[in-house]
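For reference, the structure is listed below as structure tokens.
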Amino acid sequence: MDKTFDHKSIEKKFTNKWEEQKIFSFSPGSKPSAQPYTIMLPPPNITGSLHVGHALCYTLQDVLIRYKRMKGFDVLWQLGLDHAGIVTQLLVEKELTSKGIDRRQLGREKFIDAVWEWKEQSGGTILNQMRRLGTSGDFSRVCFTMDEQRQKAVREVFIKLYNDSLIYRDKRLVNWDPELKSAISDLEIVNKEVDGSMWYIKYPLVDGESCGQQYITIATTRPETMLADVAVAVHPDDARYTGLIGKRLRLPLTDRVIPIVADEYIDREKGSGALKVTPAHDFNDFEIGQRHGLEVINILTPDAKINDNVASEYRGLTQDQARELILKQLADLSLLEKEEKIKHFVPYADRSGARVEPYITDQWFLDAPKLAVEAIRVVESGEVRFVPKNWENTYFDWMHNIKPWCISRQIWWGHQIPAWYGPDDKIFVANSDNDAHALAEKHYGRRVELRRDEDVLDTWFSSGLWTFTTLNWPDETYELKRRHPTDVLITGFDIIFFWVARMIMLTTYVCKQIPFKDIYIHAIVRDEKGRKMSKSKGNVLDPLDLIDEFGADALRFTIASLCTPTRSVNMGEERIAGYRNFITKLWNATRFLVMNECKYDDRFDVSSVKASINQWIIAKVIRTIADTENAIEGYRFDEAAKAIYQSVWGMFCDWYLELVKPIMNGNNQEKIVETKLTAGWAIAQFIKILHPIAPFITEELAEAFAITEKDAFLSASSWPCYSLPKGFDKSTEEVEWACQAISAIRSMRSDMHLPPSDILKIVISEADKTKYSVDKYEIFIQKLAKVDVKYGPTYNSLTTVSVIVEGCVIKIALDQSVDIQKEKSRLQAELTKLQADSQNIHARLANQGFLAKASESVIADHKQQLISLETRANRLQEFIASLNNTTS
RNA sequence: GGAUGCUUAGCUCAGUGGUAGAGCGCUGCCUUCACACGGCAGGGGUCACAGGUUCGAAUCCUGUAGCAUCCACCA
């Protein structure tokens, strides 16, 4: 074995080997007798590249997949890519523009060809980057949301939902992205706080004289939309305005007269308490308009300029230009009462960054409120389980307030909506052009010209079908029947609404099945100080850089250990370096065993082991295997990592390997053989259970240490399974006593500033020798604590200091006489602490309430503790008394 | 405005009724034949605050404060 662990070459070696040997290749139906285990990868965008968030999400999935594979499950980790409609279109469009090509001139078909070409060349780099993480998916079997089979599925689902009246076309106010010139969904909006103004504008009453009031003041942040006002609304109980309800206003700068209406929606506290009603450009106003049967006047073009529905002087102006002009005109007319500077939230499109406009258009909608009913039920009933559970609340909140989902987009890249229009705009939804014509012919009684809907579907529509379309639905495949519902979805909370909720809605309706049993919501990655990673802050960690520097295993181990059930995890390089050190530690421990000719023998029978130290480590390792299993099964990746880390480093390396050295260097051949086999067995178990988290080093060590057969892979081996042999507990107690004794002596050495190289002389009484089996561990105590052990009261108390370990007095002889008073007060302090502790427990045991109400096991524990404390205290007290005798 | 989290050692976080834990950092000692990406030994916390429930609260309940996130909000 090399002296250092060269992660780069080992990562390369196994990435290639696994792929060449097709270790992770999946062939449908190949393992019919094994239980299936299935995870669908949340498909990254074809435009995406690997960031730490991906690394975290994919590592956790790979840990589960590798673990279940070792457990003997027939695993499928289905990889895939998302076509990412808007993002991809914008990207390719930009690239074409830089070459001087305009998308619109190119035309739809050629543009789509260009996107496909781009996809073939540079789409899906992220999949290659995933390989470097060590992901054990089948890269030859990648699904794409836009490939033939998925397109077929999307059409089928659309047709079904349309025929069931769950998809419909409607003219409504939608969120409009004027840059993209497309509708977007409410989720694709980000509200940003910006500086703005509130303008107070006077609207004159038509017959002001008769009611003693000349005008009503309205407040608005968007004066330009007044051109589309159709009413002013006040609260019916607002004393300021009750007399004016039903009167009419002259809308300034236009020749229109608009009514004053009463509506409960109005908030008397806001603005002036009178609201200008602009149904075409505000969602709430739209509803007020509907309630009062008001006209809808749209004054904007698709790119958010003023259209021809207004006086010619405003036409073609941008909103800002129009605003400026209108404010000036109002001021000239003395109708502008005041302007207040305010901060307010304004909606912007997440992707294009344009200011979103409420805009009246014809769009396709999915009746989400109806589908939500079943989607809520399956989570309430526990069929679908959120981990951690409290994400259910977020899900329910959203689902209970869900609105119809606008699924049509006015872009080119995506699933074109399978709808055709007849001459009278009658809609025919069909699987193909031919089918549509057939439907139309049946309807009209003759062959007619049809026009296909140009819109495409929201990207999330096709990803919403991901769990079953990847299993080739609507074809009735073997794997679809076998694997659906899938086992677990691992994703971030940021897409619970976008994706998780929609998958549950669509899958429960289309398949009459849940898409997955568990949803593990992982945390968002932040920097080491808990700040969001952003390019402008310069605190972005690139997982590929981290892999280069620390190794994929170190990164994966860090990720696992960070994944506590919280919302965010802070990742810093220091932490990764720490786990890189752990990987190195494991490497060196194995190297030590190789140097000492330890071997792994799979016929090794753990129950045949005699030496207590070996029994002890076997018991500990078996415990660790169980802890790791429980942790992974419960999605506690942090606990799995912690269990392995502590066992390997804190127990195996720090204690067992040190304890084993005296045996190895001794001459008890039988014991040496047993110890070498035990050590080899133990490290092999660690290597196996660490494999899901750190696949590269463990695969290399399995090869170097011959844990796997020649040409076999740890990745394809099985998870260890052992039960604790009877009687090993006793050894555990003994060995742990010896370790405590060693620690106590070392501690004393350090406290007394005794040189580490000196061999100290210690003395233990004959009685203690038998009681604590000191002679059995003498060699270990001698070597590890660097002492020479003698029995009986040989040394003068005047030149010894003492430590008491579980009642056993260990005297340490010094070259010079000790200050007995100082020694006494040191021991006395220890005694005081012991007595305080034992009194504490004594008091509790004397408490009637405690005895009556505490559980039996708790009481038994307390009694046990009390006995132990009292034994130690008594022994210490006796010893102090003996010191008194010495001095007196 | 509505909701959900969080507040524990210098830092980052576990622990969720029974005597406060880890990693990193820090201090001292050690170039001991697996490993200085190491070893040994230490120091360090009235578990945000105030009430309550309980024999017993870091843990359960109520309230307060601060922080974070999500949703809503263009008068």
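Every chain is numbered from 1 and lettered A, B, ... according to where its sequence line falls, protein lines coming before strand lines.
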Touch class at under 4.0 angstrom, heavy-atom based, for [X] against every strand present:
| X | result |
| --- | --- |
| Q848(A) | nothing |
| H862(A) | sugar-phosphate |
| Y200(A) | nothing |
| D397(A) | sugar-phosphate |
| K343(A) | nothing |

On RNA chain B, nearest-nucleotide positions of T566(A) versus K786(A): which is more 5'?
-> T566(A)
Are a donor atom and an acceptor atom from the side chains of S838(A) and E870(A) found within less than 3.5 Å of each other?
-> no
Length of the line joining [X]:[atom1] and [N]:[atom2], which is rounded to integer Å:
| X | N | atom1 | atom2 | result |
| --- | --- | --- | --- | --- |
| R575(A) | rC24(B) | CZ | C1' | 8 Å |
| E392(A) | rG5(B) | CD | P | 12 Å |
| F396(A) | rG2(B) | CZ | P | 23 Å |
| I524(A) | rU4(B) | CD1 | C1' | 15 Å |
| K3(A) | rC37(B) | NZ | C1' | 13 Å |
| N840(A) | rG18(B) | CG | P | 15 Å |
| D861(A) | rG56(B) | CG | C1' | 15 Å |
| D654(A) | rC37(B) | CG | P | 17 Å |

Of all the choices, rG23(B), rA34(B), rG18(B), which nucleotide is nearest to the side chain of V858(A) once you look at every atom?
->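 Looking only at heavy atoms from C-beta outward on V858(A), the closest nucleotide is rG18(B).
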Measure from the side-chain heavy atoms of D837(A) and tell me the nearest of rA41(B), rC37(B), rU19(B).
->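 Looking only at heavy atoms from C-beta outward on D837(A), the closest nucleotide is rU19(B).
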Answer yes or no: does a side-chain N or O of [X] lie under 4.0 Å from OP1 or OP2 of [N]?
| X | N | value |
| --- | --- | --- |
| T584(A) | rC35(B) | no |
| S743(A) | rA41(B) | yes |
| R636(A) | rG15(B) | yes |
| Y579(A) | rU12(B) | no |
| K661(A) | rA34(B) | yes |
| W649(A) | rG39(B) | yes |

Got a donor-acceptor pair under 3.5 Å from the side chain of R746(A) to the base of rC40(B)?
-> no
Side chain of E639(A), base of rA22(B): donor and acceptor closer than 3.5 Å?
->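 Between rA22(B) and E639(A), which were checked side chain against base, a qualifying N/O pair under 3.5 Å is absent.
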Nucleotides 67-74 of chain B: which of its N/O atoms have a protein N/O under 3.5 Å away?
from    : atom 1 : to      : atom 2 : distance (Å)
rC74(B) : OP1    : N284(A) : ND2    : 3.1
rC74(B) : O3'    : T221(A) : OG1    : 3.3
rC74(B) : O2'    : T221(A) : OG1    : 2.5
rC74(B) : O2     : R355(A) : NH2    : 2.8
rC74(B) : N3     : R222(A) : NH1    : 3.4
rC74(B) : N3     : R355(A) : NH2    : 2.8

Fill in the dot-bracket string of RNA chain B, one character per base: . for unpaired, | for a pair to another strand, ( ) or [ ] for pairs within the strand, taking Watson-Crick or G-U pairs under 3.5 Å.
-> ((((((((.[[[[.)..(..]]]].(((((.......))))).....[[[[[..)....]]]]])))))))....
Would K661(A) count as a cation-pi partner of F780(A), with NZ or CZ less than 6.0 Å from the six-membered ring centre and within 45° of the ring normal?
-> no
